[in-house]
Novice: 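This is the structure I have questions about; it appears just below.
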Amino acid sequence: MPISQRTQVGIVGAGPAGLVLSHLLYLQGIDSVVVENRSRQYVEERVRAGVLEQGTVDLLTAMGVGERMKTEGLVHYGIELRFEGRSHRIDFQDLTGGKGITIYAQAEVLKDLNNARVATGGQVFFEVENVSVQDYDGAKPKIRYEKDGNACELTCDFIAGCDGFHGICRPSIPDGVLTEYVREYPFGWLGILADAAPSSEELIYTYHDRGFALLSMRTPQISRLYLQCDPEEDIDLWSDEKIWQELQTRLASNGWTLTEGPILQKGITGMRSFVVEPMQYGNLFLAGDSAHIVPPTGAKGLNLAVADVQVLARALTRFYATGSRCLLNKYSATCLRRVWKVQRFSWWMTSMLHRFPNESPFDHRRQLAELDYVTSSRAAALTLAENYVGLPME
Ligand code: FAS
Ligand code: PHB
């Protein structure tokens, strides 16, 4: 006989979507339980996103989990585009009336959220197994899972599928309900964390004959860098020396040097654009990577996950306060308006900055013209800036 539990909102996944949702609901007096199949340590050590939009920073601050982010995060008011050996700064502060971004690793955000959940008696169960979701097309959705060998059954009013691209919630929706929109890119990113002081105050995106490269960072001592590679690349064939040599070549600019250092972590991430519609079915609501994936060029993945759960938390709050499902019924349509605009921006940044294997000479010159236009027209630069710092929430 499974151990029976009851809550208002059952949440699958303790990534940014699941933990932000859980704490937002707590702040509104709504109970939730989060089930996560990895350990807390694993989730908090995964090397992932690094850029927080202004809206994400403002939300985390308003939620009371922004203290460390405020002291340790690096606030930036621009990025640099580098091509044909020349550098061009996109001035967010000037173009967006003072908005910026904050560099603060996803892992740090999750540590802050987990600490807040523990401090407020939040129920986040790590290292659960065999999670499944049932009866979400009815009034008593259930999440079944095993914890420490015990079978558990969590009955709730709603289920939030915050379990990422490889989770179980999206696939549990019956065939014929969902439509998938997919674009695979013919390249991936090789990313490194290095014990090397960042060689630039701000991020540098480069378009180079040998391929895209990106200089980012995590702290004043730790650099985060990426270079475009074959999606099937074998990371073991990339020695530290080879990685640094390629980054030196692609990031080169007159009078500028790239500081090297010991590589602490390296890995290859594939690139795809993915959206599933609708993002809800009955009382199951998909949020974050379980519903959409963007290529990381626009630094949007985490921020879009947070935007989804802001919409969901607002809809659930309305329901529990008034009994009205009106915002819940519009959840998917509301999220998808932002999702598709962010998909467009992420696709545009990716298409502008990467070399495509089968591109024609025309494509190459068009890309250079796009970069020339974005760095010479205020109107064009504004479109990049307003998307990069984050579009306003509806
Ligand atoms: P997440 O995938 O973060 O969280 C889902 C959680 O659900 C995970 O903890 C997972 O363990 C758990 N889960 C999965 N299946 C489960 C099950 N059956 N039962 C219980 N729990 C389950 N975005 C950027 O903006 N910039 C970047 O540089 C960047 N780099 C990335 C690198 C990699 C390798 C990956 C995979 C993603 C990267 N992203 C980046 C995107 C990433 O940050 C996501 O957008 C963000 O984590 C989305 O958050 P969630 O939707 O919460 O999904
Ligand atoms: C990062 O710092 O991890 C990062 C920054 C900008 C991007 C993608 C990733 O576009």
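Whatever order the structure lists ligands and atoms in, that order sets their numbers, starting from 1. Hydrogens, waters and symmetry mates are skipped; everything else that's a heavy atom, side chains included, is used.
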Novice: Side chains of Tyr145 and Val12: closer than 4.5 Å at any heavy-atom pair?
Specialist: no
Novice: Judging by distance only, is a nitrogen or oxygen of Ala49 under 3.5 angstrom from one on ligand 2?
Specialist: no
Novice: Closer than 4.0 Å to some heavy atom of Val51 - which atoms of ligand 2 meet that?
Specialist: 5 (C), 6 (C)
Novice: Tell me whether Asp31 is salt-bridged to Arg6, with the criterion being a basic N under 4.0 Å from an acidic carboxylate O.
Specialist: no
Novice: Is ligand 2 under 4.0 Å from a heavy atom in the side chain of Trp189, in the backbone, in both, or in neither?
Specialist: side chain
Novice: Which of the atoms in ligand 2, numbered in the order shown and given with their element, are less than 4.0 Å from a heavy-atom of Tyr205?
Specialist: 6 (C), 7 (C), 10 (O)
Novice: Which of the numbered atoms in ligand 2 are under 4.0 angstrom from any heavy atom belonging to Thr297?
Specialist: 10 (O)
Novice: Which residues satisfy the salt bridge (Lys or Arg N to Asp or Glu O under 4.0 Å) test with Glu370, sequence neighbours excluded?
Specialist: none
Novice: Aromatic rings Phe274 and Phe165: how do their planes relate, parallel, tilted or perpendicular, breaks at 30° and 60°?
Specialist: perpendicular
Novice: Looking at Lys300 and Glu53, does any basic side-chain N land under 4.0 Å from a carboxylate oxygen?
Specialist: yes
Novice: Counting heavy atoms only, which part of Ile103 comes closer than 4.0 Å to ligand 2: side chain, backbone, both or neither?
Specialist: neither
Novice: Counting each atom of ligand 2 from 1 as listed, which ones have a heavy atom of Tyr226 under 4.0 Å away?
Specialist: 1 (C), 3 (O), 4 (C), 9 (C)
Novice: Within a distance under 4.0 Å of any heavy atom of Ser216, pick out the atoms of ligand 2 and give their elements.
Specialist: 1 (C), 2 (O), 5 (C)
Novice: Identify whether the distance between the nearest side-chain nitrogen and carboxylate oxygen of Asp372 and Arg86 falls below 4.0 Å.
Specialist: no
Novice: At under 4.0 Å between heavy atoms, which part of Arg218 makes contact with ligand 2: side chain, backbone, both or neither?
Specialist: side chain
Novice: Do Met271 and Leu304 share a hydrophobic cluster (ILVMFWY, side-chain heavy atoms under 4.5 Å, transitive)?
Specialist: no
Novice: What are the two closest heavy atoms between Ser273 and Tyr185, and how far apart are they?
Specialist: OG-OH, 2.7 Å
Novice: Hey, does Val57 have a side-chain heavy atom less than 4.5 Å from the side chain of Lys70?
Specialist: yes
Novice: Classify the ring geometry between Trp189 and His354 as parallel (under 30°), tilted (30 to 60°) or perpendicular (over 60°).
Specialist: parallel
Novice: In terms of atom number and element, which parts of ligand 2 are under 4.0 angstrom from non-hydrogen atoms of Pro296?
Specialist: 7 (C), 8 (C), 10 (O)
Novice: Less than 3.5 Å apart, N/O on ligand 1 and N/O on the protein: could you list those pairs with the distances?
Specialist:
unit_1, atom_1, unit_2, atom_2, d
ligand 1, 2 (O), Arg48, NH1, 2.9
ligand 1, 3 (O), Arg48, NH1, 2.8
ligand 1, 9 (O), Glu36, OE1, 2.7
ligand 1, 9 (O), Glu36, OE2, 3.4
ligand 1, 9 (O), Arg46, NH2, 2.7
ligand 1, 11 (O), Glu36, OE2, 2.7
ligand 1, 11 (O), Asn37, OD1, 3.3
ligand 1, 21 (N), Asn37, N, 3.2
ligand 1, 25 (O), Gly301, N, 3.2
ligand 1, 28 (O), Tyr226, OH, 3.3
ligand 1, 43 (O), Gln106, OE1, 2.6
ligand 1, 45 (O), Asp289, OD1, 3.0
ligand 1, 45 (O), Asp289, OD2, 3.4
ligand 1, 45 (O), Gly301, O, 3.3
ligand 1, 45 (O), Leu302, N, 3.3
ligand 1, 47 (O), Arg48, NH1, 3.2
ligand 1, 47 (O), Gln106, OE1, 3.4
ligand 1, 47 (O), Gln106, NE2, 3.0
ligand 1, 51 (O), Asp289, N, 2.8
ligand 1, 52 (O), Pro16, N, 3.2
ligand 1, 52 (O), Ala17, N, 2.9

Novice: May I ask you to test the His76-Met217 pair for a side-chain heavy-atom distance under 4.5 Å?
Specialist: yes
Novice: Answer yes or no: is there an ion pair linking Glu246 with Arg210, defined by an N-O contact shorter than 4.0 Å?
Specialist: yes
Novice: Select one of side chain, backbone, both or neither to describe which atoms of Ala299 lie under 4.0 Å from any atom of ligand 2, heavy atoms only.
Specialist: both
Novice: So if I count the atoms of ligand 2 from 1 in the order they appear, which ones are less than 4.0 Å from some heavy atom of Leu203?
Specialist: 5 (C), 6 (C)
